[in-house]
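Step one of this worksheet: look at the structure below.
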Amino acid sequence: MATLNVENFPDQLYARLQQLATAENRSISEQVVSLLEGALQIETQPPQGETRKSVTEILEESRRRRRVNPADFGLPDSTTLIREDRDSR
């Protein structure tokens with residue numbers, strides 16, 4: 001198992017961590033692991049009501065999107081920019 005050292009940990013935050021650990025009858029290390037597991041699990045789960053899309057669904061959705069022309073927004077064509085860059089070398 002890996003070891004995690006945290007430098008410059010704010011005293012006020014450490015005191016809150018100690019209070020939480022005591023309230024949940026855990027050591028500081030156990031409390032940190034528990035909090036991190038919870039935070040990472042929330043971050044990696046899809047939002048409620050949404051399921052993960054398959055690659056096929058994502059590709060189909062991409063194909064249905066309207067194509068955007070950069071010139072419509074006053075932007076130069078990327079092909080022209082690449083050609084200019086290559087010619088300048």
Side-chain angles (χ1 to χ4, degrees):
M1 188 171 285
T3 300
L4 175 67
N5 293 312
V6 180
E7 294 181 19
N8 302 319
F9 199 82
D11 292 334
Q12 189 175 14
L13 187 56
Y14 188 79
R16 289 180 58 201
L17 184 59
Q18 280 181 314
Q19 289 173 345
L20 268 175
T22 301
E24 297 188 21
N25 200 26
R26 294 182 175 147
S27 68
I28 297 288
S29 295
E30 290 170 334
Q31 187 64 36
V32 169
V33 169
S34 175
L35 290 170
L36 286 173
E37 283 176 341
L40 293 174
Q41 185 176 19
I42 289 169
E43 186 178 291
T44 58
Q45 287 181 346
Q48 289 182 357
E50 283 188 33
T51 57
R52 294 185 74 166
K53 295 179 183 177
S54 69
V55 173
T56 307
E57 290 172 321
I58 294 170
L59 289 173
E60 191 59 39
E61 186 178 298
S62 175
R63 287 184 189 108
R64 281 185 264 134
R65 287 188 183 150
R66 184 175 71 87
R67 302 239 184 247
V68 178
N69 184 357
D72 294 344
F73 299 97
L75 299 171
D77 181 37
S78 60
T79 307
T80 305
L81 293 172
I82 292 170
R83 191 169 290 125
E84 287 175 2
D85 186 53
R86 288 180 180 165
D87 291 343
S88 68
R89 291 181 185 183

Fill in: ILVMFWY cluster, V33 and V6 together (side-chain gap under 4.5 Å)
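Cluster IDs for V33 and V6 differ.
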Discussion item. With a 4.5 Å cut-off on side-chain heavy-atom distances among I, L, V, M, F, W and Y, is there a chain of contacts connecting I82 to L75?
Written reply: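 No, because I82 and L75 fall into different hydrophobic clusters, even though each may have its own neighbours under 4.5 Å.
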Discussion item. When you compare the side chain of E61 with that of E57, does any pair of heavy atoms fall below 4.5 Å?
Written reply: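 They are not in contact (no side-chain heavy atoms under 4.5 Å apart), so the answer is no.
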Worksheet entry | Beyond-backbone contact of L13 with L17, side-chain heavy atoms, under 4.5 angstrom |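 They are not in contact (no side-chain heavy atoms under 4.5 Å apart), so the answer is no.
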Worksheet entry | Gap separating the CZ atom of R67 from the CZ atom of R65, nearest 0.5 angstrom |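 Interatomic distance, R67 CZ to R65 CZ, rounded to 0.5 Å: 11.0 Å.
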Worksheet item: Nearest 0.5 Å, what's the CG-CG distance between L35 and L40?
Response: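 L35 atom CG to L40 atom CG measures 10.5 Å (nearest 0.5 Å).
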Fill in: Shortest non-hydrogen contact from A21 toward S27
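Taking every non-hydrogen atom into account, CB-O, 3.8 Å.
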Worksheet item: Can you name the nearest heavy-atom pair linking R26 to E24, along with the distance?
Response: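 Heavy atoms only, the tightest pair is NH1-OE1, 2.8 Å.
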Item to complete: Take atom CG of D85 as the centre, draw a 6.0 Å sphere, and report whether it contains more than 12 heavy atoms from other residues, nucleotides or ligands.
Response: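 Atom CG in D85 is packed in, count exceeds 12.
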Discussion item. Counting neighbours of CG on N25 that are heavy atoms of other residues, nucleotides or ligands and sit closer than 6.0 Å, is the number greater than 12?
Written reply: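 Check fails, neighbour count at 12 or below.
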Worksheet item: Would you call R63 and E60 a salt bridge, taking side-chain N to carboxylate O under 4.0 Å as the test?
Response: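 Looking at E60 together with R63, the answer is yes, because their closest N to O distance falls below 4.0 Å.
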Discussion item. Tell me whether T22 contacts the main-chain N or O of Q18 through its side chain, where contact means a donor paired with an acceptor under 3.5 Å.
Written reply: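 At least one qualifying donor-acceptor pair exists.
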